[in-house]
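To start, the structure under review is shown below, and the notes come after it.
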Amino acid sequence: MSTNAEIAGRLGQIAELLELTGADKFRVLANQKAARVIESLTAELGPIARGPDARTGLMALEGIGPKIADKIIELCATGRIKELEELKAAVPAGLPEVMSIPGMGPKTVRLVWQEAGVTDLAGLKRIIDDGSILNLPRMGAKAVEKLKASIAMLAESRGRLGLGVAMPVAERVVALMKDVKGVEQAAFAGSLRRGKESIGDIDILVAAKGAAVTAAAEAFCTMPGVRHVIARGEAKCSVRVSLEEDGGRFSGAPTGDAGEAANAAPTDAERAGGTVQVDLRVIEPARWGSALMYFTGSKEHNVRLRQRALDRGLTLNEYGLFPEDKSTSESPQSRGVKAVASKTEEEIFKALELPWVPPELREDRGELKLESTPVLIEVADIRAELHSHTTASDGTMSIEELAERAKARGFHTIAVTDHSKSQGIANGLSAARLEAHIEAIHAARAKVKGITILAGSEVDIFADGSLDYEDKLLAKLDLVVASPHAALSQDPERATERLLKAIAHPRVHILSHPTGRLVLRRRGLEPDMAKVFAAAKEHGVALEINAHWMRLDLRDTHVHAALEAGCVLAINCDVHSPGDFDNLRFGVLTGRRGGLTKERCVNCWAAEELRAWIKGKGHG
DNA sequence: GCCGTTTTCGGCCCGACTGTTTTCAGTCG
């Protein structure tokens, strides 16, 4: 049994070790690319690799040729890859960690390994402490000081940040940069603009000229919260900024989500040592579009765009799209060549004969084949919240307050879905309490006008796929949201059966946070998602993107696959307290990354359409 | 190690910053 994650992991290891042996960099690149491709697949490769046409089947995937196909087949058949074993034998096990130190690339690691016998982090520290590292070529006092600082930083900054932690920091910095005199534009770019679920660092882009350039760099490096200036140049600065994180119910707040805070790992801020790296680039206003594109990435998307430019006799960089001139190696911008396009992203895409591509789709997952700009879902399209909790279980609001808050957001419908009886720690409702709660919801309906309040429940899906209430009781509800909360490390086969059984239940409307994963913290279930999607399509069950930034479950690649399978989706905030409504944008970003449109999201439907779907499903 | 509407071999994106250097190698994004 080899999951895609395992296959990708092994290939990534091969790439890393190859780098350390000084192998051809394109061979390294090929393994990295294959790992990346496999990681974002939703269909499992295992069955293909064990099937009759394994080699052909695998080679149909981009980036996988005969050699890598054979490695995958070998792994699935024997549980190991000979090449990897050999590399592991040849490269000391501690070196990959040494290479993870900022400033230590493959060349330098090789140098300290071969010339000074360093085989792990302790060895590196040793030659730094005894000063012998200075005897190596290109190793001066300053380089060693930086290395020391990097090692110290590494201990406290390993790990990435959740979207919800990074976004407020980025927004604060952008607002600050916009206030600098002479700054014409400021925005965050990078993986944050693409809406990725986790962020390594924050990229800030500023358009300015003349005195404003240095003013921007100065303001950036001295802004509140800067703990350390890593680099400071005219056009580029890097700093580490203090973090404040509120993980809400996932970080030990009193309103624990079914006790999940109790076994949760340290918060992002804690793991990151309380800081995040923020990079600033200052560019001329006339080059805003090309710079924004460049720094938004993804890297793979950019490579693809550059290739496309070259195919058209053009060359693309962060300064613009230029005519290619093979007679010189000097860059077009330094020769004063006029750009074909540079001011806006739109004009550059147009010059490359492409529609503008929304940032969330720029992952080299086929977005350059789009014939027009897709109209993806937006926060303003959402008209209903279908997953929320009140004081009856572990929420902080009464039914009336919840409904008023939802109404204030412009929603036409709110579903009250408190926890079911087995969620004892979340004060889950017994059958009798649920009966009474349904009555209370009906009473609130009469009080709060201008919004439909649905009586629902977030019903636990047990490990065997059965539900936490009797069918007779479920039949009294307007809406049933079914979720896995416990037994989240069961094997993929059982997880698949579990979810399929829940989906097939005639009373279930929405499968909520289907895998139970927590971003950067917990893997959650790893069922055969293709089967889950096929079943959801068959039974008309909506698959939820839980909008809390620590869940984002379904994840982006699942969203894409679910849409391909013909499913409808839901984006719910899983509201426990008033602020949770604000997480909607993270769910929407994730939906957009998967190509979600408002037509395919039940929360965007008009009241009558939504009601008809709920009713039809309920009697189905 | 992958890939091919000019290729089954010879390509494979591009620039800033840093530190150690006198013209550049390495790292990073």
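Proteins come first, then strands; the chains are lettered A, B, ... in the order of their sequence lines, and each starts at number 1.
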Heavy-atom contacts under 4.0 Å between residues 283-290 of chain A and DNA chain B, which residues?
none
Might you confirm whether atom CD of A:Glu371 has over 12 heavy atoms from other residues, nucleotides or ligands at distances under 6.0 Å?
no
Pick out the pairs of N or O atoms, protein on one side and nucleotides 18-22 of chain B on the other, that lie under 3.5 Å.
| unit_1 | atom_1 | unit_2 | atom_2 | d |
| --- | --- | --- | --- | --- |
| B:dT18 | OP1 | A:Arg232 | N | 3.2 |
| B:dT18 | O3' | A:Lys146 | NZ | 3.3 |
| B:dG19 | N2 | A:Arg138 | NH2 | 2.6 |
| B:dT20 | OP1 | A:Gly140 | N | 2.6 |
| B:dT20 | OP1 | A:Gly140 | O | 3.1 |
| B:dT20 | OP1 | A:Ala141 | N | 3.4 |
| B:dT20 | OP1 | A:Ala143 | N | 3.3 |

Using a cut-off of 4.0 Å on non-hydrogen atoms, how would the nucleic acid contact of A:Ser238 be classed: base, sugar-phosphate, or nothing?
nothing
Contact list please: residues 294-304 of chain A against DNA chain B, heavy atoms, distance less than 4.0 Å, in numerical order.
A:Tyr294, A:Lys299, A:Val303
Any residue meeting salt bridge (charged side-chain N to carboxylate O under 4.0 Å, His left out) with A:Arg304, in chain and number order, not counting sequence neighbours:
A:Glu62, A:Asp364
For A:Thr315 and for A:Met104, locate the closest nucleotide of DNA chain B by heavy-atom distance; then report the residue assigned to the nucleotide nearer the 5' terminus.
A:Thr315
What does A:Gln333 touch in the nucleic acid at a heavy-atom separation under 4.0 angstrom: a base, only the sugar-phosphate, or nothing?
sugar-phosphate
When the C1' atoms of B:dG15 and B:dG10 are considered, how many whole Å apart are they?
25 Å
Pairwise C1' distance, B:dT5 and B:dG1 [rounded to whole Å]
24 Å
Any base atoms under 4.0 Å from A:Glu145, or only sugar-phosphate, or nothing? Heavy atoms, all strands.
nothing
Could you check A:Arg362, A:Arg287, A:Lys350 and say which one makes a salt bridge (Lys or Arg N to Asp or Glu O under 4.0 Å) with A:Glu345?
A:Arg362
What integer number of Å spans the P atoms of B:dT7 and B:dG11?
15 Å
What integer number of Å spans the C1' atoms of B:dT8 and B:dC2?
12 Å
Tell which nucleotide pairs with B:dG26, taking only Watson-Crick or G-U wobble pairs whose two distances are both under 3.5 angstrom.
B:dC17
Taking O4'-C1'-N9-C4 for purines and O4'-C1'-N1-C2 for pyrimidines, is B:dT7 syn (within 90° of 0) or anti?
syn
Under 3.5 Å, which protein N or O atoms sit close to an N or O of nucleotides 2-7 of chain B? Give each pair with its distance.
| unit_1 | atom_1 | unit_2 | atom_2 | d |
| --- | --- | --- | --- | --- |
| B:dC2 | OP1 | A:Gly65 | N | 3.0 |
| B:dC2 | OP1 | A:Gly65 | O | 3.3 |
| B:dC2 | OP1 | A:Ile68 | N | 2.9 |
| B:dC2 | O5' | A:Gly65 | N | 3.4 |
| B:dC3 | OP1 | A:Gly63 | N | 2.7 |

Please determine if A:Glu300 and A:Arg36 form a salt bridge, counting it only when a charged side-chain N lies under 4.0 Å from a carboxylate O.
yes
Do any pairs count as a salt bridge (Lys or Arg N to Asp or Glu O under 4.0 Å) and have a residue in residues 311-321 of chain A, sequence neighbours left out, and if so which ones?
A:Arg281-A:Glu318, A:Arg312-A:Glu353
If we take the P atom in both B:dT27 and B:dT21, what is their distance in whole Å?
16 Å
Rounded to whole angstroms, how far apart are CG on A:Leu280 and C1' on B:dG29?
14 Å
Between A:Ser331 and B:dC14, is there a contact of a side-chain N or O with OP1 or OP2 at under 4.0 Å?
no
Between B:dG26 and B:dT20, how far apart are the P atoms? Round to whole Å, please.
14 Å
